[in-house]
2 protein chains.
Amino acid sequence: MPTTRKAIELVNVDPWEMSTLPDCRKLASDIIRRQGRFDEAFFMCDLRDAEYKCRLWKENLPRVTPFYAVKSNPDPLFTRVLFENGVKFDCSNQREIRFVLDNVPGARGSDIVVSNTAKCRKDIAFGCEVGANLMTVDSVEELEKIFPYKEQALVLIRLQGSEHTSKITFNRKFGAGPELVSKILRKCQELELNVVGTHFHVGLGFDSPLIYDESIRRSKQVFDEANNMGFNMRILNIGGSFPGGVRKRKQFLQAAAVIENSLARNFPVGCGVQIIAEPGQFFSTSAWILCAKVVAVKDCVIDEVHPASTSTDLKGRMARMQPVYKTFNRLSESHSEKHVQDVVDEDTIEDEHRVVIIRNVFLNESRFNAIPRATLPLLDLRYYRLETDEELANVGHPEPDAKTVLWGATCNPFDQIVEWDHAIDIKCDQWILIDNMGTYSRAFQCGFNGFGTPPVYYLGQSAHHAA
Amino acid sequence: MPTTRKAIELVNVDPWEMSTLPDCRKLASDIIRRQGRFDEAFFMCDLRDAEYKCRLWKENLPRVTPFYAVKSNPDPLFTRVLFENGVKFDCSNQREIRFVLDNVPGARGSDIVVSNTAKCRKDIAFGCEVGANLMTVDSVEELEKIFPYKEQALVLIRLQGSEHTSKITFNRKFGAGPELVSKILRKCQELELNVVGTHFHVGLGFDSPLIYDESIRRSKQVFDEANNMGFNMRILNIGGSFPGGVRKRKQFLQAAAVIENSLARNFPVGCGVQIIAEPGQFFSTSAWILCAKVVAVKDCVIDEVHPASTSTDLKGRMARMQPVYKTFNRLSESHSEKHVQDVVDEDTIEDEHRVVIIRNVFLNESRFNAIPRATLPLLDLRYYRLETDEELANVGHPEPDAKTVLWGATCNPFDQIVEWDHAIDIKCDQWILIDNMGTYSRAFQCGFNGFGTPPVYYLGQSAHHAA
């Protein structure tokens, strides 16, 4: 894995691990105390983390201008702080462009790249009207919609990124393969559309950052092809997917090193090509913490047919889906691990059954609101009690016959946040901090089932900008 | 399957199939024409369907008072029409209770059942303050929170429903098994809490309505146990899950017949028990149609490694996940089926490869906004072009080497709505009507990725109530 001296120097600097958790804990306690019997979840956003991320980006990807993917967390104050630190914006449509122009003082259309490959006609018209005329295409069909705006439009062709180790891939939906790229270029020539560069996305949750190198090399081939056709290729957009979570700094530094090396080989300094990127999660993940309250704890025992004793898979699955819940008298009187252990020892575990102690913990937030749905497994969330630095996942030891299920508040049975293999010591009315909550959390919140949208409290010097 | 004469008489009455589609088509055309280059999706709500559903309920479940699950679609005008036709409300928390009291003239706290089993303290306090004091519990732990309001609170115990054929089950998260029920009853006795009945939910998407009968019989056992302990059991809540979609009338009538028969046996007329239910989707599914626009069509050919030729499953899967898209020159010039067929015939299908023609159709709405996510497979949605009654799914014949993928508008690669095994004849700027869109669609919309929230246009006499 290529790496750089600079990257290594930064390894021990992570403001979140160093300072944000204690500061957020203090802020959370203040908020709860000030508001008395405060019963609703809230977000905390540490704007110092955003400033740190801007520095981290500049130091490790000095040639690449970041265009923040507004969709990941369209928070006005947060986007303002990014812009003040040199970040521009990636938008999808009229509404996102308006958001930037209306909420970020000083931002103009030329600070925006429109990266949606399937645009409404009105989005194209509006973008060109306000100077947000750098736009992505990945089909011949899209060119026809852009044609009326050929005087203004600057076209980036979205290539299929290399996604070989990515957990969430985009190529089925977005991006053009080599033959389609050639066809788009020919059609642009015919329509006299101004192609200025390429764009790709490597997917989400990659294991190997070398996919950036592969995608940059593919881009170089398209640059050569287009320049040979007479286009003036001058913008390379290397997309998003930059790791941004707490505890992901090392992965970011590795990716940055791969990219810098690949750019040096394929698009050397002085080649006249501007490099841009579309980080969303990189900026938004770590700055945001959710503070949620335990509103109910329900201890149960499942008397589960032991999988080994079932004659068919189906029987075992049905038994697990239709558990016979029993009251677990003693556990509900005391939540200590000791008691859990006592009762497990006391219970006769028969050949045909397995007694599983389930501690169902209900929060006042949900996966259908502020806690991300599809991306939850990728987010490396950690859960802390408000009062202590110790992670909840590390409380108690894994126990084959005890589990904790952390549930979201809604009526929806899919609204399960996490499951641990032990009973945790948590009580109704205690608060939990969840880190890495900035990406696709506030962006997805809809207040489903009457659970509202958590307010945001800001930390850091820039917090005085708050409206 | 038990059935009744009344049910059979109603089989041929379905206002949606009879009248709503043409009326919605006319309304949609008017809206699009009136607004000129209208570029955003919108909902249409036929309030006549809501009125019809109220009649259908009363005629088939005359003993059961429906409490509409507000969470399924919290639309002010829609809920008003239901209330005017004798329907009451199922709420989860303070915000949903407020929604009803603020938006439905004449509705009072006593018209509400609070069915959340993990309530915030403030929800209990607020409910009791405004008379929404009929509330559900499924744990001993919840009783402690209700204790301060023992003078007002009327407790329903949520039992685990019978879910044997349901596609989405609730028992892992909600409901008490027999032993836990006994424990809750004893604790209520000790705390002098007023237990007045039981509650269950049979899960979603059941195959056999007999699970209602099984759950009602279990409820009767708990009624007997509680009455023997000195409680005055007088309310049976049979929950939700009543089929409500267009084309689901027969299933509803079957369920209603099972329920009426079971009630007659277990809770006969004159027994003094009030029967209530919590239908959400029953009322909200069929009245709502989404009108969405095709904003892009991208024709591609995937040169897919043929599954049969791969040595391992993994290889085949990776090939399908990382397809090499090729331009499909001729198809993009003409969308007719004829051409698709011509090209399939022309292409040499080698042993190792399979050429699949993919028509990617992008709508201006998304699964992350107005088109339901988790429940999408259960909803039996049908898709029509605005101009014709013919279903899109039936356009063209299934074709082993052609597919249509209907995509949502967002940048998210999971935002795929449906896939058909043929190429459909649809072009950019055409509009599509999607039926059965009333449940968990508007309730989940968050405007993610700048795609806004579609406005609603109402049909029917009650539409004049609109604010």
Side-chain angles (χ1 to χ4, degrees), chain A residues 37 39 71 91-93 95-96 99 116 118-122 138-142 160 163-164 168-173 176-177 179-180 183 295-298 300 321-327 329 332 360 362 364 368 373-374 407 409 411 413-414 416 428 443-446 448-452, chain B residues 37 39 71 91-93 95-96 99 116 118-122 138-142 145 160 163-164 168-173 176-177 179-180 183 295-298 300 321-327 329 332 360 362 364 368 373-374 407 409 411 413-414 428 443-446 448-452:
Chain A
R37 285 175 63 238
D39 231 356
K71 59 183 168 284
C91 295
S92 278
N93 47 40
R95 221 178 246 107
E96 284 193 349
F99 167 82
N116 183 359
K119 292 171 284 297
C120 287
R121 293 182 194 274
K122 77 161 169 37
D138 67 354
S139 71
V140 171
E141 289 83 348
E142 192 75 1
Q160 298 197 314
E163 299 184 314
H164 289 306
I168 297 179
T169 59
F170 289 75
N171 284 348
R172 272 196 76 218
K173 186 169 183 182
E179 290 192 24
L180 185 50
K183 187 160 190 231
V295 293
V297 176
K298 176 169 72 161
C300 298
M321 286 168 69
Q322 305 285 345
V324 182
Y325 277 68
K326 285 187 183 175
T327 317
N329 298 348
S332 56
N360 295 287
F362 291 77
N364 61 348
F368 289 83
R373 279 173 291 272
W407 295 102
C411 64
F414 295 139
Q416 176 182 319
C428 189
F444 279 155
Q445 65 192 5
C446 56
F448 172 62
N449 212 178
F451 286 98
Chain B
R37 284 176 63 237
D39 232 356
K71 58 184 169 284
C91 295
S92 276
N93 47 41
R95 221 178 247 106
E96 285 193 348
F99 167 82
N116 183 359
K119 293 170 283 299
C120 289
R121 291 181 195 276
K122 76 163 169 36
D138 66 355
S139 72
V140 172
E141 289 83 348
E142 193 75 1
K145 288 189 282 177
Q160 297 197 315
E163 299 184 314
H164 289 305
I168 298 180
T169 59
F170 288 77
N171 285 347
R172 271 197 76 218
K173 187 170 183 183
E179 290 193 25
L180 184 50
K183 191 167 184 225
V295 293
V297 176
K298 178 168 70 160
C300 297
M321 286 169 69
Q322 305 285 344
V324 181
Y325 276 69
K326 285 187 183 173
T327 317
N329 298 348
S332 56
N360 295 287
F362 292 77
N364 62 348
F368 290 83
R373 282 173 290 272
W407 295 102
C411 65
F414 295 140
C428 189
F444 279 155
Q445 65 191 6
C446 57
F448 171 63
N449 211 175
F451 286 99

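Sequence lines set the chain letters: A, B, ... in the order given, protein chains first and strands last, and positions in each chain run from 1. This is a predicted model, so every value here is computed, not measured.
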J.: Mind running side-chain contact (heavy atoms from CB on, under 4.5 Å) on E142(B) and K298(A) for me, showing each step along the way?
T.: CA-CA 8 Å; E142(B) 193 75 1; K298(A) 176 169 72 161; over 6 Å; no
J.: Yes or no on side-chain contact (heavy atoms from CB on, under 4.5 Å) for C428(A) and V295(A), after CA distance, side-chain angles and deciding distance?
T.: CA-CA 5 Å; C428(A) 189; V295(A) 293; 5.5 Å; no
J.: Is chain A contacted by the side chain of F444(B), its backbone, both, or neither, given a heavy-atom distance below 4.5 Å?
T.: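 Contact with chain A involves both backbone and side-chain atoms of F444(B).
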J.: Which bit of Q445(A) comes within less than 4.5 Å of chain B, counting heavy atoms only: side chain, backbone, both or neither?
T.: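 It is the backbone, since no side chain atom gets that close.
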J.: K119(B) versus chain A, heavy atoms under 4.5 Å apart: side chain, backbone, both or neither?
T.: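 Backbone only.
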J.: What I want to check is whether the side chains of N171(A) and E163(A) have a donor and an acceptor closer together than 3.5 Å.
T.: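 Their side chains do contain a donor-acceptor pair, which is all the 3.5 Å distance test asks for.
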J.: Is it the side chain or the backbone of F362(A) that comes within 4.5 Å of chain B heavy atoms, both, or neither?
T.: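 The answer is the side chain of F362(A).
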J.: Among all residues two or more places apart in sequence or in another chain, which pass the salt bridge (Lys or Arg N to Asp or Glu O under 4.0 Å) test with E96(A)?
T.: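 None.
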J.: Could you work out, with side chain to side chain contact (heavy atoms under 4.5 Å, CB included) as the rule, every residue matching R95(A), not counting sequence neighbours?
T.: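 Partners of R95(A) by the side chain to side chain contact (heavy atoms under 4.5 Å, CB included) criterion, ordered by chain and then number, come out as N93(A), E40(B).
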J.: With a 4.5 angstrom heavy-atom cut-off, could you sort out which part of F170(A) is near chain B: side chain, backbone, both or neither?
T.: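 Interface part for F170(A): both.
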J.: Side chain from CB out, backbone as N, CA, C, O: work out which of these in F451(A) comes under 4.5 Å of a heavy atom of chain B, or both, or neither.
T.: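 The answer is both parts of F451(A).
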